[in-house]
Amino acid sequence: MEFEIERARKMIRDLDPEIRQQMHVIAKEEVEVERLQREVAALTGSLDTQQAHIMRLKTDLESGDDVYQYAGHKYTADQVRNDLANRFKRFKTKDATLASLQQITEARNKSLTAARDNLEGMRVAKRQLEVEIENIEAQRKMVLAANTTCQYKFDDSHLSRVKQLVADLQTRLEVDRKLQDVEVEYQGQIPLAEPAPENIVDEVTTYFNGPRESVAELSTIDLN
């Protein structure tokens with residue numbers, strides 16, 4: 001699994017050249033779209049001027065004059081009419097060209113937007129994949145640690161011997177402590193028992209006199 005994770009990391013890194021290539025394509029397309037937009041703007045301005053000229057000639061012809069003067073030159077009505085027809089023809093051709101350029105520009109703008117979205121999607125997906133592979137690596141390490149713990153067989157007999165040894169030591173310590181307490185008790189306490197009589201012979205004689213047999217009778221007993 002470690003090999004496959006590293007393989008996945010390499011595949012993710014291999015996305016970088018593709019992302020850079022996509023960025024290059026987008027930059028090139030942006031330049032082309034900007035050129036088309038400038039061309040559309042210029043053609044639109046030219047058509048606006050031409051339309052104004054056409055409308056002026058049309059208005060002049062509607063007046064019904066035979067001669068018209070422009071920029072210090074005189075022109076007949078037929079000359080003006082022919083010029084108007086030519087101008088109008090060129091205008092319609094350019095107007096159709098403008099419509100086509102506008103369609104092309106709009107289409108390439110949409111394509112450019114899609115390419116940008118695609119690039120951003122690739123970047124987001126790459127970052128997400130990097131996060132996911134790191135999560136997988138972390139989980140793999142946790143599983144390895146758990147497997148190592150499960151596979152380790154603890155020596156219960158050794159544990160039991162250690163416990164028994166500790167218990168024996170505690171027992172010996174308790175016994176020693178109690179013995180020490182007893183010795184201190186007998187050595188340090190004040191004696192309360194009465195002392196032995198000074199004449200034990202008299203005490204024995206007194207004890208055995210009275211209701212018991214006399215000393216003379218006891219002396220006749222065979223002690224053997």
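A quick note: this is a predicted structure, and the numbers were derived from the prediction, not measured. Reckoned from all heavy atoms, side chains included, excluding hydrogens, waters and symmetry mates.
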Looking at [X] and [Y], does any basic side-chain N land under 4.0 Å from a carboxylate oxygen?
| X | Y | answer |
| --- | --- | --- |
| Arg35 | Glu39 | yes |
| Arg116 | Glu120 | no |
| Arg87 | Asp83 | yes |
| Asp78 | Arg81 | yes |

Within the side chain of Thr93, is there an N or O that forms a donor-acceptor pair under 3.5 Å with the backbone of Lys89? yes

Answer whether the closest heavy-atom distance between the side chains of [X] and [Y] falls below 4.5 Å.
| X | Y | result |
| --- | --- | --- |
| Met11 | Leu129 | no |
| Asp66 | Thr76 | no |
| Gln51 | Ile54 | no |

Can you give me the closest heavy-atom contact between Pro17 and Asp14, atom names plus distance? CD-O, 3.1 Å

Here the pair of heavy atoms bringing Ala115 nearest to Ile26 is O-CD1, 3.4 Å

Check the surroundings of atom CD in Glu2: do more than 12 heavy atoms from other residues, nucleotides or ligands lie under 6.0 Å from it? no

Determine whether more than 12 heavy atoms belonging to other residues, nucleotides or ligands lie under 6.0 Å from atom NZ of Lys94. no

Hey, quick one: are Met55 and Leu84 part of the same hydrophobic cluster, counting side-chain heavy atoms closer than 4.5 Å, chains of contacts allowed? no

Is a side-chain donor-acceptor pair under 3.5 Å present for Asp60 with Tyr70? yes

How long is the span from the [atom1] atom in [X] to the [atom2] atom in [Y], to the nearest 0.5 Å?
| X | Y | atom1 | atom2 | result |
| --- | --- | --- | --- | --- |
| Gln37 | Arg108 | CD | CZ | 11.0 Å |
| Glu106 | Gln102 | CD | CD | 9.0 Å |
| Thr105 | Leu112 | OG1 | CG | 11.5 Å |

The residue among Glu134, Glu130, Glu4 that forms side-chain hydrogen bond (donor to acceptor under 3.5 Å, both in side chains) with Arg9 is Glu134

Determine, stepwise, if the pair Phe88 / Leu57 fulfils side-chain contact (heavy atoms from CB on, under 4.5 Å). CA-CA 10 Å; Phe88 185 55; Leu57 293 174; over 6 Å; no

